[in-house]
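These notes are about the structure you will find just below.
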Amino acid sequence: MTLIPIQQHIADIKKALETSGRAVVQAPPGAGKTTHVPLALLDEPWLKNKKILLLEPRRLAARSCAAYMADRLHEKVGQTIGYQIRLDRKIGPDTRIEVVTEGVFTRQIQADPSLEEVGLVIFDEFHERNIHSDLGLALCLESVEALRDDLRILVMSATMDVAAVSTIMDAAPVIVSQGKSFPVKTTYLPPLNKQNRTVPIETTCALAIGRAMSKNSGDILVFLPGVGEIKRVASLLEDTLDSGTHVFPLYGNLSQEEQAMVFWPLTSGKRKIVLATSIAETSITIEGICIVIDSGLMRVQRFSPQTGMSRLVTIPVSKSSADQRRGRAGRTAPGKCYRLWSEHDHQLLKSFIKPEILSVDLTGFALELAAWGVSEPGQLKWLDQPEKASFDQAKNLLKILGAIDEKGQITPHGKKIVAAGLHPRLAHMIIKADEKGQGLLACRIAAFLNERDFIRFDQNAVDPDIRLRLELIEAIINKQKILQQGIKTNKRIIHRIIKSEKNTAKKLGIKLKKTDPEMAGRLLAHAYPDRIAQKRNNRDNTFLTASGKGTFFTQTNTVSINEYIVALHLDGNPRNAKIFLAAPYSKKELELDFSKDFKTGQIIKWNKKTGMIQATKDTFFGALLIGQQAISDIDHEKACDILIREIKKTGLALLPWTKRLISLKQRGIFLKHTGRFADLPDMSDTALEKQMETWLKPFLTGIFSLKQLEKIDLESAFLSRLTWKQQQAIEKNAPTHITVPSGSKKPLTYCRENGFLNATILDAPILEVRLQEMFGLTETPKIAGHAIPVALHLLSPAGRPVQITTDLKSFWKNTYKDVKKDLMGRYPKHFWPEDPLCAMPTNRVKPKTRV
DNA sequence: CTCTCCCT
C-alpha cells in the first residue's frame, strides 16, 4: 500500500486535540484527510467513547466517504460509520462516526446546543467557506465556551488563510500536510487584441484548444463560466475538429445520463474535450485528463440588499480556484495547464474565493441566529463578519414574515419556520397555505423552488408560468404521460421534487392532500409579498412590484395577461428585472390576504388634463395603487397650497391679468427701478411668485380649477401689497398718458414688449407722437418727479419714425432744419413752420386745403 | 438563446 501523506501527521493532530482541544489541518486534495483522520482518532481516550461528527459540504461526498470508511472497517454503513443527509439517514445504535452535511449539523446543534453525545466535530473542506460551515463553526465555538469545555473541534481545509482560522479558534495549533500529485506545467495565453478590441473568451478558448491539441496528447478539460459560453465554444470547435475528437459539455443542469457520457472511455486513438463549468473543479472528477484550459472566469450569485434579490455575475477566479483547476491535470500523470490570462493579471487575482457569508441572501442565516438567541452577529466569532446592509435586509424580511419581533427575537411562528429546514419565505408560505387547506401544494411549490427548473424548451417556446410545472408534476404522480409540445422534462428532478414534497409534508404534519395549481399565486404571495406586481398602464408585459421595482416579461404569455402576478425568479437587474418564473395573482386575492397591510391616504393633486384640483382617498399595498375614491369635500387650505404650487410651476400668466393691472405693475417696477421710490414693494414676477402665499392665497379660497381661477379678484389681491399713498405715487409719477401740446393724450410705453408680464422695463418710457403735435413745446416732458425725460419718438404725418430724442430743445435748435427739408419734400401740403416754437401744434392727420 | 454551485 502506498504511503498516504496525512498519515505522518496523525500523531501531531492527536496531540493538538488532546492538549488544546482544537486544531487546524491544512492539506491539499489527495492527501487522504477526509477518510483517514476520523478513523485514526476513534480510539483516543479523550473522546470518552463519544461520537465524531464529520461535516461535508456535499451530499455525494458525505455518502461516499461514509461508504469508504465502513469498507475499511469491513462493515456496512450504519454500523460504526453512519451518515445523515437531507432525506436520507443511515445511523445505527453503534454508530461512532456520523458523516453529515453542514445543513444537518446546524439542525443538530440548534436542537441540542451542548451536543451531549459528541466528543469531536470535524469541519471538512472548510476552505469552500460555505455559509453553513461558517455558521456551524461560530455556534460550535460558543457551545464549547459556554456549555462543553470537553468538546473538541478540528478544521480541515485545502489552501486558505489558516492563520485567521487558528486565531478565531483561540490560537489552535496548525498542522500542514503535503498532497499527492504530479507536476503540471503552466502556460499563460492571454486573449489577443484585434482592432483595439479584446477577442471574446470563446474565440480565445477555441484557439487555445487547437494549440494544446497539436502540441500534446491526452484528454482536455476546459473551464468556462457558464452554459452560454460552453455552447458557443462547442459550435466554434465543430468547424475545426476532425472526427477523432469528441466534445462533451458538462454543467449542473444536465441530466445524470448526459453527465455520465463524460466518463465513457473512448475507443483507442480518439480524444476527449470536456467543456465544463466550475462543477468539475471539486464535485466531479474525470480520469485521464492531461491538459487543463482555464478561461479564468466563473459565474457566482450576488445578493443585493437594495433589491432583496440575487443575480448572477461573471467574475475572475481566485488564485486558489485557478490552482485547484490546474491540479485536475496532474491526478494520474504530469500534465499541462493553459491559463487564458497574462502573468501580470495573475498577480491581480484575489487569493481566495469570496466567502458566501459576504455575498448571499442572509434570511435563513439571520433566523438561525435568532433561534440561537442572538440578534446581532457581533455577539459571535466570525472569520468574516456579515455585512450590515445584508443582515438588516434579512431581519426586515423576517419581521414582515412574522418570524422575529421588533426586538429581533424569534417568535413562535419563527420557531416553526426554522424547524422546517427550508428558506424562511417558503416555510412561512407552507404554514399559511395549510390554514387554507393547501399545505400540500405549498410543499410541492417549495420543493420545486428548491430544485432547478426541470423544463427545457425548444428554441423560443419559453413559458414562465409556474402552473405548467405544477401540472407536469401532478401528471408524473398520476403516472400519466407528458404530452407537451416543444418541451423536454428532466424526470430525475421531478422525482426528487416529489420525494422532497412528501418529506416536508410529513415533517410539518400536513394532512390535507388536495392540490389546486390555480392557488399557486395566492400561496406564493405569502412567500414573496415584496414581489407581488401590478400591470403598468398601457405597457404590455411590464409590471411594478410592491417594493417599487420594474419587471417585465420578454413576451406575452399565460401569466403576463393578468392584472396582478407574483414574480418569482428575476434576473436581478435593479431597475428593470426580467421575469423567468411567475404565478398569476388577482386583486381579490390580495384583498383577502393582505388588507391588513394596506395603507390609505388622502391625496390632493393637480389634474393636468382637466385643469382641476382632484382629491382622492388612495389605497396602497407597498408601491401598488390598489384603489382610488374621489372626495368631494376638499380641504381649502391644501387646495390653496396646490394652486400656488401649480402657478409657481406654470407661471403668473395663469392668473386673470387685465391690461390695466399689467400697466400698473410695469409702472411700479419702473419707478422702483429709478431708485427714487425705494419704499415701493418689488413688483417683479420673481418677487410676486415668491410671496404668493401672502398676497394671493387669501383670494384663492374656494377655488378648485383653472376656470374658477379666471374669476378671482386679482386687482384687489395685487393692490393689497400697496398702500393708498403708494398707489397714488405710481399714478402721479409714472402716468399712463401724457397730454401733448396739440391737446391729445398719448400713452407712455414703459416696456420693450408691451402687454407681456415678463417684459423688460425701459430706462425711460417711450412717447410716440407726431412731430407737428409738439410745436410750441420747448422742453422734453419729464416724469418721476421731473427727474426722467421721456424718450420722444417723433413721427411723420403718416406715423413713420422720424427722430428719437430725449432733448427736445436741442432737436428744435439743431436737427429740425434738416428734418423739415426732408418732410417738406414728402408731405408738401403740410405745415412746416420756420420757427416751430412759435407755431400752433396740430393733431390733424390730413392737411388743411387752404394755404 | 433565461441561470454558477450547493444545502436544512
Side-chain angles (χ1 to χ4, degrees), chain A residues 55-62 84-89 100-111 125 128-136 223-232 235 250-254 276-284 295 297-302 309-315 317 321 324 353-354 356 359-361 363-365 367-368 371 417-424 426-427 446-447 449-453 455-464 496 500 503-504 507-508 552-555 557 568-573 577-582:
Chain A
L55 275 51
E56 289 296 324
R58 274 170 293 285
R59 285 181 261 179
L60 194 79
Q84 187 181 347
I85 61 181
R86 194 167 103 101
L87 311 184
D88 192 5
R89 177 187 157 97
V100 300
T101 37
E102 290 158 349
V104 169
F105 175 70
T106 308
R107 295 271 57 74
Q108 287 177 331
I109 196 168
Q110 288 279 19
E125 314 277 10
E128 290 192 15
R129 297 297 309 279
N130 299 321
I131 192 159
H132 278 120
S133 52
D134 273 17
L135 173 65
F223 283 100
L224 289 158
V227 180
E229 289 84 355
I230 287 175
K231 288 188 174 167
R232 283 190 290 272
S235 85
L250 178 62
Y251 48 89
N253 211 7
L254 289 177
T277 61
S278 53
I279 193 170
E281 203 175 301
T282 52
S283 309
I284 291 173
S295 68
L297 298 170
M298 68 193 300
R299 204 157 280 150
V300 292
Q301 209 174 56
R302 278 283 148 79
M309 292 192 298
S310 296
R311 69 196 158 101
L312 287 175
V313 290
T314 307
I315 56 164
V317 293
S321 282
Q324 173 77 25
I353 44 174
K354 192 171 183 178
E356 273 189 352
S359 59
V360 300
D361 174 15
T363 315
F365 172 86
L367 188 59
E368 292 290 355
I417 289 174
V418 84
L422 287 165
H423 189 285
L426 302 178
L449 292 177
N450 267 338
E451 288 289 342
R452 51 172 79 92
D453 199 353
I455 294 184
R456 255 176 306 138
F457 294 95
D458 292 350
Q459 268 105 40
N460 295 321
V462 288
D463 186 344
R496 266 208 317 249
S500 157
N503 183 268
T504 313
K507 197 192 243 169
L508 296 177
F552 68 96
F553 291 101
T554 49
Q555 49 187 273
N557 56 69
L568 299 169
H569 284 176
L570 300 150
D571 76 354
N573 183 321
K578 203 178 287 176
I579 305 170
F580 302 140
L581 185 72

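Remember, it's a predicted structure, so these values are computed and weren't measured experimentally.
Residue whose closest nucleotide on DNA chain B sits further toward the 5' end, between Gly421(A) and Pro464(A): Pro464(A). If you find the closest nucleotide of DNA chain B to His569(A) and to Glu56(A), the one lying nearer the 5' end belongs to His569(A).
Taking side-chain N and O atoms only, Thr554(A) has no distance below 4.0 Å to OP1 or OP2 of dT2(B). A close approach under 4.0 Å does occur between a side-chain nitrogen or oxygen of Arg86(A) and OP1 or OP2 of dT8(B). Residue Thr101(A) places at least one side-chain N or O closer than 4.0 Å to OP1 or OP2 of dT8(B). In this structure, Arg59(A) reaches the dT8(B) phosphate: one of its side-chain N or O atoms is under 4.0 Å from OP1 or OP2.
Side-chain atoms of Thr314(A) and Arg299(A) include a donor-acceptor pair closer than 3.5 Å. Using modelled atom types, one finds a donor on one side chain and an acceptor on the other under 3.5 Å when comparing His423(A) with Asp361(A).
Residue contacts for Gln301(A): at a heavy-atom cut-off of 4.0 Å it reaches a base atom on one of the strands shown. Residue Tyr251(A) is classed as a sugar-phosphate contact, given heavy-atom separations below 4.0 Å to backbone atoms only. Ile85(A) comes within 4.0 angstrom of sugar-phosphate atoms only, judged by non-hydrogen atoms across all strands, and of no base. Within 4.0 Å (heavy atoms only), Asp453(A) reaches no atom of the nucleic acid at all. The residue Thr106(A) sits apart from the nucleic acid: no heavy atom pair falls under 4.0 Å.
Ile579(A) places its CD1 atom 14 Å from the P atom of dT2(B), with the value rounded to the nearest Å. Residue Glu356(A) contributes atom CD, which lies 17 Å from atom P of dT4(B) at whole-angstrom precision. Taking atom CG of residue Leu55(A) and atom P of nucleotide dT8(B), one finds them 11 Å apart after rounding to whole Å. Between Asn503(A) atom CG and dC7(B) atom P the separation is 15 Å, expressed in whole Å. In this structure, Leu449(A) places its CG atom 18 Å from P of dC6(B), rounding to the nearest Å. Rounded to whole Å, the distance from CD on Glu451(A) to P on dC7(B) is 10 Å. In this structure, Asn130(A) atom CG and dC6(B) atom P are separated by 11 Å, rounded to whole Å. Arg129(A) has its CZ atom 17 Å from the C1' atom of dC5(B), to the nearest Å.
Residues satisfying the side-chain hydrogen bond (donor to acceptor under 3.5 Å, both in side chains) criterion with Gln324(A), sequence neighbours excluded, are absent altogether. Applying the salt bridge (Lys or Arg N to Asp or Glu O under 4.0 Å) criterion to Arg129(A), with sequence neighbours excluded, gives Asp134(A), Asp384(A).
No donor-acceptor pair closer than 3.5 Å links the side chain of Asn130(A) to the backbone N or O of His132(A). With hydrogens and angles ignored, the 3.5 Å screen pairs no side-chain donor or acceptor of Glu56(A) with any backbone N or O of Ala62(A).
Ranking dT8(B), dC3(B), dC6(B) by closeness to the Arg107(A) side chain, first place goes to dT8(B). For Ile279(A), counting side-chain heavy atoms from C-beta on, the closest listed nucleotide (dC6(B), dT2(B), dT8(B)) is dC6(B). Side chain of Thr277(A), nearest nucleotide from dT4(B), dT8(B), dC6(B): dT4(B).
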